[in-house]
Amino acid sequence: MLIHSKNKIMDTNNSQNRDETSGMSRRKMITTSVAALAGATAIGNSKLLNALEPKLDSPKTDFSLKGKSAIVTGAARGIGRAIAVALASAGADVMGIDIAGVVSPEVIYPPATKEDLDETGKQVEAQKRRFIPVKADIRDINAIKSAVDKAEKEFGKVDIFVADAGIQVYSSLAEMTDQQWKDVIDVNLTGTANCLRTIIPRMIPRKSGRIILIASGQGRHGMKNGAAYSASKWGVIGLMKSAALELGEHQITINTVEPGLVDTAMTRNPGRWNEALKEAGKKPEGNNPKEQDVIDARLPTAVMKIPWMKPEDIAPAVVFLASDAAYRVTGATYDVTAGDSAKYTA
């Protein structure tokens with residue numbers, strides 16, 4: 001009995017040991033299973049993420065415009081010329097449109113000439129690209145249609161359209177004449193709309209196109225004695241954004257570039273320099289301010305410590321927007337202002 005009892009006791013102990021061993025095995029099993037489940041879930045999630053994440057295509061970093069053709073308005077000089085030459089440098093053939101004559105009797109700086117337009121052609125051709133000069137007023141939509149017809153015949157297609165043509169007059173709203181307001185709005189806003197209304201129907205069937213409108217930093221803020229110009233350039237930005245909503249489904253992009261103060265005929269004249277002095281809190285002395293006085297007045301508040309930019313400073317942004325690298329950029333405003341846009345609130 002005793003031995004049996006001991007055996008029984010021992011059997012009982014062995015049973016307890018087996019239970020304890022079995023219990024440990026279950027705990028280990030549960031722990032191992034949880035870890036395995038977590039690992040499997042992580043692997044599953046990783047596979048799911050890999051399945052959901054699309055494979056990347058080759059990066060769109062081609063800024064070449066080889067094989068492309070472009071139209072640039074206001075091409076006779078200044079920013080328009082710089083853009084035409086830059087597009088040609090990147091590989092595009094170019095049609096340059098300019099009135100090359102008096103736009104409005106209200107404009108106080110000298111107008112562009114046919115010789116200016118010819119010089120643009122020489123600089124484009126120096127890039128080993130074709131240039132077609134066209135004298136036309138963008139206020140005349142039929143003249144623009146005729147120019148685009150010619151470009152399509154000569155180039156086969158128009159891939160890029162840059163609307164740069166514009167004018168500026170200076171007057172307070174209280175003293176502004178009907179002619180001053182009308183001329184600025186008709187050229188800068190209606191003329192630009194004429195260009196869009198002409199080129200867009202040509203681009204839609206091809207499901208391809210790049211449109212760049214040249215607005216202005218003054219279209220992002222007000223300007224004393226420059227309300228017509230600021231309003232027209234703000235209108236150009238609104239025109240662009242509306243067109244972007246319409247053209248996106250056709251894979252046509254449209255954007256604006258807003259230059260700051262640039263050394264062009266529009267800037268290098270007594271009217272604009274006097275306004276620059278006033279903006280700096282300086283009182284103009286006479287009707288012919290000295291260039292150095294204007295430079296001295298602007299430099300203290302100039303972000304990049306230059307009084308104004310060169311036309312060539314604006315062109316690279318246009319080349320980018322015209323390239324395949326910008327195929328997903330549309331409805332955007334690109335400020336090229338040497339830092340002045342850091343001060344904008346709109």
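The figures here come from the full heavy-atom set of this structure, side chains too, leaving out hydrogens, waters and symmetry mates.
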Checklist line | For the student: nearest non-hydrogen atoms of Val257 and Pro259, plus distance | finding: O-CD, 3.2 Å
Next item on the list: State the CG-CE distance between Leu213 and Met240, to the nearest 0.5 angstrom.
Entry: 7.0 Å
Notebook entry, point to check: Looking at side-chain heavy atoms only, is the closest gap between Thr253 and Arg210 below 4.5 Å?
Noted result: yes
Notebook entry, point to check: Shared ILVMFWY cluster between Leu87 and Ile314, side chains joined below 4.5 angstrom?
Noted result: yes
Next item on the list: Report whether Met95 and Val318 are members of the same hydrophobic cluster (ILVMFWY, side-chain heavy atoms less than 4.5 Å apart, transitive linking).
Entry: no
Next item on the list: Could you check Arg272 against Glu275 for salt bridge (charged side-chain N to carboxylate O under 4.0 Å, His left out), going step by step and ending with a plain yes or no?
Entry: CA-CA 5 Å; Arg272 184 64 184 94; Glu275 293 304 321; over 6 Å; no
Checklist line | Close side-chain approach of Ile254 and Ile200, heavy atoms under 4.5 Å | finding: no
Item checked: salt bridge (charged side-chain N to carboxylate O under 4.0 Å, His left out) between Arg268 and Glu291, worked out -> CA-CA 9 Å; Arg268 187 172 285 279; Glu291 179 177 357; 3.1 Å; yes
Item checked: Asp324/Lys68 under salt bridge (charged side-chain N to carboxylate O under 4.0 Å, His left out): CA gap, chis, key distance, verdict -> CA-CA 11 Å; Asp324 289 343; Lys68 307 284 188 180; 3.8 Å; yes
Checklist line | Presence of salt bridge, Asp164 and Arg77, under 4.0 angstrom | finding: no
Checklist line | Contact summary for Val124 and Ala88, nearest pair of heavy atoms | finding: CG1-CB, 3.7 Å
Check: Which atom pair, heavy atoms only, marks the closest approach of His250 to Glu246?
Finding: CD2-O, 3.6 Å
Next item on the list: Kindly determine whether Met203 and Leu247 satisfy side chain to side chain contact (heavy atoms under 4.5 Å, CB included), including the steps that lead there.
Entry: CA-CA 10 Å; Met203 289 181 169; Leu247 298 178; over 6 Å; no
Next item on the list: Using a 4.5 Å cut-off on heavy atoms from C-beta on, say whether the side chain of Thr198 contacts that of Phe161.
Entry: no
Notebook entry, point to check: Within a radius of less than 6.0 Å around NZ of Lys150, do more than 12 heavy atoms belonging to other residues, nucleotides or ligands occur?
Noted result: no
Next item on the list: With rounding to the nearest 0.5 Å, note down the distance linking NZ in Lys114 to CD1 in Ile99.
Entry: 15.0 Å
Margin query: Side-chain heavy atoms nearer than 4.5 Å, only ILVMFWY residues, links allowed to pass through others: does that put Ile144 and Val94 together?
Written below: no
Next item on the list: Report yes or no: does Arg81 contribute a side-chain atom to a donor-acceptor pair with the main-chain N or O of Ala75 at less than 3.5 Å?
Entry: no
Notebook entry, point to check: Under a 4.5 Å cut-off applied to non-hydrogen side-chain atoms, are Trp308 and Ile295 in contact?
Noted result: yes
Item checked: Side-chain donor or acceptor of Asn255 paired with backbone N/O of Gly331 under 3.5 Å -> yes
Margin query: Quick one: does any side-chain atom of Glu175 pair with a main-chain N or O of Ser172 as donor and acceptor, under 3.5 Å?
Written below: no
Check: How far apart are the closest heavy atoms of Asp159 and Gly67, and which atoms are they?
Finding: OD2-O, 4.0 Å
Notebook entry, point to check: Taking atom types as modelled, is there a side-chain donor on Gln123 or Gln127 under 3.5 Å from an acceptor on the other?
Noted result: no
Checklist line | Interatomic distance, Met309 atom CE to Leu261 atom CG [nearest 0.5 angstrom] | finding: 7.5 Å
Margin query: Does either side chain, that of Asp116 or that of Thr113, offer a donor lying less than 3.5 Å from an acceptor on the other one?
Written below: yes
Check: Does a sphere of radius 6.0 Å around NZ in Lys207 hold more than 12 heavy atoms from other residues, nucleotides or ligands, not counting ones at 6.0 Å or beyond?
Finding: yes
Notebook entry, point to check: In terms of hydrophobic clustering (I, L, V, M, F, W, Y; side-chain heavy atoms under 4.5 Å; direct or indirect links), are Ile79 and Val103 co-clustered?
Noted result: no
Margin query: Is it true that, when you exclude Lys224 itself, more than 12 heavy atoms of the residues, nucleotides or ligands shown sit nearer than 6.0 Å to its NZ?
Written below: no
Checklist line | Side-chain heavy-atom pair Pro311, Thr264 within 4.5 angstrom cut-off | finding: yes
Item checked: Expected output: side-chain Arg130 to main-chain Phe155 donor-acceptor under 3.5 Å -> no
Checklist line | Glu258 side chain vs Tyr334 backbone, donor-acceptor pair below 3.5 Å | finding: yes
Check: Does the pair Ser171 and Thr177 meet the rule for a side chain to side chain contact (heavy atoms under 4.5 Å, CB included), with working shown?
Finding: CA-CA 8 Å; Ser171 175; Thr177 67; over 6 Å; no
Check: Roughly how far, to the nearest 0.5 Å, is CD of Glu279 from CG of Leu277?
Finding: 9.0 Å
Notebook entry, point to check: Shared ILVMFWY cluster between Val329 and Val319, side chains joined below 4.5 angstrom?
Noted result: yes
Notebook entry, point to check: Just by modelled atom types, is the Val85 backbone N or O under 3.5 Å from a matching donor or acceptor in the Ser89 side chain?
Noted result: no
Item checked: Member of Met223, Lys233, Gln168 meeting the side-chain contact (heavy atoms from CB on, under 4.5 Å) criterion with Ser216 -> Lys233
Check: What do the steps show when you test Ile252 against Ile211 for side chain to side chain contact (heavy atoms under 4.5 Å, CB included), and what is the final call?
Finding: CA-CA 8 Å; Ile252 299 167; Ile211 303 171; 4.2 Å; yes
Next item on the list: Could you check if a side-chain atom of Arg202 sits within less than 4.5 angstrom of a side-chain atom of Val158, using non-hydrogen atoms only?
Entry: no
Note to self: Restricting to non-hydrogen atoms, name the atom on Pro201 and the atom on Leu196 that form the minimum distance, rounded to 0.1 Å.
What the structure shows: CD-O, 4.1 Å
Note to self: Given 3.5 Å as the limit, does a donor-acceptor pair link the side chain of Thr333 with the main chain of Thr256, or not?
What the structure shows: no
Notebook entry, point to check: So which pairs with a foot in residues 90-107 pass salt bridge (Lys or Arg N to Asp or Glu O under 4.0 Å), sequence neighbours left out?
Noted result: Asp93-Arg129
Check: Any side-chain heavy atom of Ile212 within less than 4.5 Å of one from Ile83?
Finding: no
Next item on the list: Would you check if the side chain of Tyr170 reaches a backbone N or O of Ile108 as a donor-acceptor pair within less than 3.5 Å?
Entry: no
Next item on the list: Using a 4.5 Å cut-off on heavy atoms from C-beta on, say whether the side chain of Val72 contacts that of Thr120.
Entry: no
Checklist line | Spacing of CG belonging to Asp340 relative to NE2 belonging to His221, to within rounding of 0.5 Å | finding: 7.0 Å
Check: Considering residues, nucleotides and ligands other than Lys282, do more than 12 of their heavy atoms fall under 6.0 Å from its NZ?
Finding: no
Checklist line | Side-chain donor/acceptor of Ser230 to backbone N/O of Gln218, under 3.5 Å | finding: yes
Let me have the donor-acceptor pairs involving side chains of residues 183-192, under 3.5 Å, with sequence neighbours excluded, atom names and distances please.
{"from": "Asp183", "atom 1": "OD1", "to": "Gln179", "atom 2": "NE2", "distance (Å)": "2.7"}
{"from": "Asp183", "atom 1": "OD2", "to": "Ser104", "atom 2": "OG", "distance (Å)": "2.5"}
{"from": "Asp183", "atom 1": "OD2", "to": "Gln179", "atom 2": "NE2", "distance (Å)": "3.1"}
{"from": "Asp186", "atom 1": "OD2", "to": "Lys182", "atom 2": "NZ", "distance (Å)": "2.8"}
{"from": "Asn188", "atom 1": "OD1", "to": "Ile167", "atom 2": "N", "distance (Å)": "2.8"}
{"from": "Asn188", "atom 1": "ND2", "to": "Ile167", "atom 2": "O", "distance (Å)": "3.0"}
{"from": "Asn188", "atom 1": "ND2", "to": "Ser232", "atom 2": "OG", "distance (Å)": "3.1"}
{"from": "Thr192", "atom 1": "OG1", "to": "Asn188", "atom 2": "O", "distance (Å)": "2.7"}

Margin query: Working to the nearest 0.5 angstrom, can you tell me the gap between Ile199 CD1 and Arg197 CZ?
Written below: 14.0 Å
Note to self: Using every non-hydrogen atom in the two residues, find where Thr73 and Ala163 come nearest and quote the distance to one decimal.
What the structure shows: OG1-CA, 3.4 Å
Check: Ignoring hydrogens and geometry, is there a side-chain-to-backbone donor-acceptor pair from Lys122 to Leu117 under 3.5 Å?
Finding: no
Check: Any chance NZ of Lys343 has more than 12 other-residue heavy atoms, nucleotides or ligands included, within less than 6.0 Å?
Finding: yes
